[in-house]
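Quick notes on the structure that follows.
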Protein chains: 2
Amino acid sequence: MVMAMAAPHPDPLAGFPAGFLDGFTFREVAKGQLLATPGQALNQVFIVRSGRLRVYLASDARELSLAILEPGDIFTTHTPTFVRSLEPASLWLIGIREFGAKLAGAPGVAPLMMKVLGRILDNAVSLVEDLAFRDVPARLARFLVRQAARRGEQAAEGCLLPIDLGTEDIACLLGTTRQSVSSLINQWQREGVLSRRGRRALLIHDLPALAARSLMQG
Amino acid sequence: MVMAMAAPHPDPLAGFPAGFLDGFTFREVAKGQLLATPGQALNQVFIVRSGRLRVYLASDARELSLAILEPGDIFTTHTPTFVRSLEPASLWLIGIREFGAKLAGAPGVAPLMMKVLGRILDNAVSLVEDLAFRDVPARLARFLVRQAARRGEQAAEGCLLPIDLGTEDIACLLGTTRQSVSSLINQWQREGVLSRRGRRALLIHDLPALAARSLMQG
DNA sequence: GCCGGAGTGTCGGCTGGCCGACGGAAGCGT
DNA sequence: ACGCTTCCGTCGGCCAGCCGACACTCCGGC
């Protein structure tokens with residue numbers, strides 16, 4: 001679900017006309033820095049140059065990630081969400097008003113914007129669907145299946161799949177808890193569906209089984 | 001949440017330059033007609049001229065309304081949602097590709113698009129927030145408070161608020177069940193927070209109490 | 001008036017999954 | 001090597017809220 005956010009191109013600026021960034025201000029941020037909060041007055045649009053940013057909601061007790069922005073992604077501070085850097089990052093900023101003007105001046109960018117916003121919207125809708133219709137096992141299974149489709153490498157015994165997030169972070173993406181994720185992974189491990197490969201990777205043996213699980217009660 | 005979707009302008013076409021609709025095809029639909037389903041090949045953008053359309057997700061067992069489109073709203077069939085007319089309606093259609101071209105040709109519309117998409121996104125985010133962070137009483141309370149702000153009439157003993165939806169429909173908007181909504185309303189009635197006024201209206205006596213309830217565990 | 005259907009109120013049982021707690025394992029600085 | 005911190009696995013208790021069931025009320029048709 002959320003991973004669909006990743007920029008499809010290795011070059012973050014593919015699609016932008018030359019000189020489009022004139023007038024943007026460049027900014028570098030350290031790891032873990034808060035870039036936007038709900039209800040802030042400042043309305044800006046930004047384009048990610050490097051690093052990953054987490055877009056999330058928070059209540060007193062819990063947090064829920066909506067998306068992870070990667071290089072090339074466009075977003076705005078004018079949303080009721082928090083945005084925080086997961087790692088050192090750099091980005092281009094501009095006022096939302098000026099951005100509108102630039103957009104008018106560079107017609108080719110408008111469809112690109114629509115694509116990006118559409119993708120983010122799809123993402124949010126997908127999250128709603130998950131939260132409303134699917135139980136935790138189905139959500140986790142779907143997450144793994146999508147990860148496998150995006151980042152998995154076909155290996156001899158199955159699909160090798162790097163996981164660069166901790167248990168807690170995954171739980172946060174899926175709107176559940178660390179404990180639930182942990183026990184599910186280990187249950188599936190016992191059932192032979194998958195197994196760990198070191199600290200930061202999984203080996204999926206039975207992708208179809210996962211896919212089936214992800215479709216249940218959906 | 002969902003009600004924030006209503007078009008702000010009485011004139012559905014405010015903001016569109018003259019002649020922008022050239023190239024759109026006009027279409028009228030009867031009540032209850034299905035306009036879009038998930039996964040359909042046809043990618044179109046449409047602008048609502050008259051009538052209300054419901055945007056919703058569905059699983060085998062349940063449905064969940066995402067938004068209600070009103071005249072002036074723009075949407076696309078290229079989403080994993082169903083779109084169905086609540087009443088006789090009319091709209092302008094165009095292929096998504098051609099829409100992109102028109103957008104490039106009419107620079108003033110791009111910011112408008114961004115606004116509309118942004119509003120829909122806010123809406124979806126708001127729903128996610130509800131589902132993830134708030135319990136059913138808080139969701140219902142928030143719904144009533146927002147309804148009161150939008151449609152309520154100040155009366156002697158409180159705020160008189162027409163409800164043109166059945167219990168089932170409200171449950172559907174909030175992602176819960178008929179029974180839960182029913183018992184909550186009656187509990188609050190016993191507590192003197194509100195009371196029924198005929199079949200299709202509520203009289204809110206203690207709006208602040210509801211507002212407080214809507215903020216709990218949020 | 002009588003009947004049937006749709007919408008509503010209420011109850012009890014059942015369960016997914018959150019929460020707190022705690023022990024073990026892996027990384028990391030010194 | 002050593003502690004220290006952070007992350008991971010597991011268990012049991014607990015509760016919100018879904019589900020099925022059923023009675024009641026309202027309303028329109030005939």
Side-chain angles (χ1 to χ4, degrees), chain A residues 31-32 57-64 86-87 130-144 162-191 193-202 213-214 216-218, chain B residues 32 58-64 130-144 162-191 193-202 213-214 216-218:
Chain A
K31 172 180 173 176
L57 298 169
S59 74
D60 299 339
R62 208 179 331 177
E63 295 185 354
L64 183 118
L86 281 174
E87 50 200 66
D130 268 11
L131 291 173
F133 297 143
R134 287 192 232 284
D135 63 11
V136 172
R139 301 216 281 275
L140 180 56
R142 185 149 82 134
F143 171 77
L144 291 177
I163 298 282
D164 49 355
L165 299 166
T167 316
E168 182 93 51
D169 303 294
I170 296 176
C172 198
L173 283 168
L174 301 177
T176 180
T177 60
R178 190 187 61 77
Q179 293 95 319
S180 299
V181 171
S182 174
S183 53
L184 274 170
I185 298 245
N186 285 82
Q187 181 188 326
W188 289 338
Q189 205 164 346
R190 264 172 258 127
E191 292 168 1
V193 176
L194 49 77
S195 55
R196 312 219 81 140
R197 274 297 175 275
R199 196 76 162 175
R200 302 225 157 258
L202 286 178
R213 192 65 190 80
S214 80
M216 293 185 65
Q217 53 183 279
Chain B
S59 74
D60 299 338
R62 209 181 330 181
E63 294 185 353
L64 184 120
D130 266 12
L131 290 173
F133 297 143
R134 288 191 233 282
D135 61 13
V136 172
R139 301 216 281 276
L140 180 57
R142 185 148 83 133
F143 171 78
L144 290 177
I163 298 282
D164 50 356
L165 300 166
T167 316
E168 183 92 52
D169 303 290
I170 296 176
C172 191
L173 282 169
L174 301 177
T176 179
T177 61
R178 190 188 62 75
Q179 292 97 318
S180 298
V181 171
S182 175
S183 54
L184 275 170
I185 298 246
N186 285 82
Q187 181 188 328
W188 289 338
Q189 205 164 345
R190 265 172 259 126
E191 292 168 1
V193 175
L194 48 78
S195 53
R196 311 220 79 141
R197 273 298 175 275
R199 200 77 164 172
R200 303 222 156 259
L202 286 178
R213 191 65 191 82
S214 80
M216 293 185 65
Q217 50 183 281

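What you are looking at is a predicted structure, and each value in this text was computed from that prediction instead of being measured. Heavy-atom basis, side chains included; hydrogens, waters and symmetry copies ignored. By convention in this document, chain letters (A, B, ...) are assigned in the order of the sequence lines, proteins followed by strands, and residues within each chain are numbered from 1.
Rounded to whole angstrom, the span from the CG atom of B:L174 across to the P atom of D:dG17 amounts to 12 Å. Following rounding to the nearest Å, A:D135 (CG) and D:dC19 (P) show an atom-to-atom distance of 12 Å. Rounded to an integer number of Å, the gap from CZ of A:R134 to P of C:dG17 is 13 Å. Atom CZ in A:R62 sits roughly 12 Å away from atom C1' in D:dA16 (whole-Å rounding). Taking atom CG on B:L184 and atom P on C:dC11, their separation rounds to 14 Å, with Å as the unit. Rounded to an integer number of Å, the gap from B:I163 CD1 to C:dT8 C1' is 15 Å. Between A:N186 atom CG and C:dA25 atom P the separation is 14 Å, expressed in whole Å.
Across all strands shown, A:S182 has heavy atoms under 4.0 Å from base atoms, whether or not it also approaches the sugar-phosphate. As judged by a 4.0 angstrom heavy-atom cut-off over every strand, A:R190 is placed among residues touching the sugar-phosphate backbone only.
Of all heavy-atom pairs spanning A:W188 and A:R213, the tightest one is CZ2-CG, 4.1 Å.
Within residues 193-201 of chain B, the residues having any heavy atom closer than 4.0 Å to DNA chain C are, in order of number, B:R196, B:R199.
In the set C:dG17, D:dG17, D:dA21, D:dA21 carries the atom at the smallest distance from any side-chain atom of B:R178. You'll find that the side chain of B:Q179 is closest to C:dT10, out of C:dT10, C:dC18, D:dC18.
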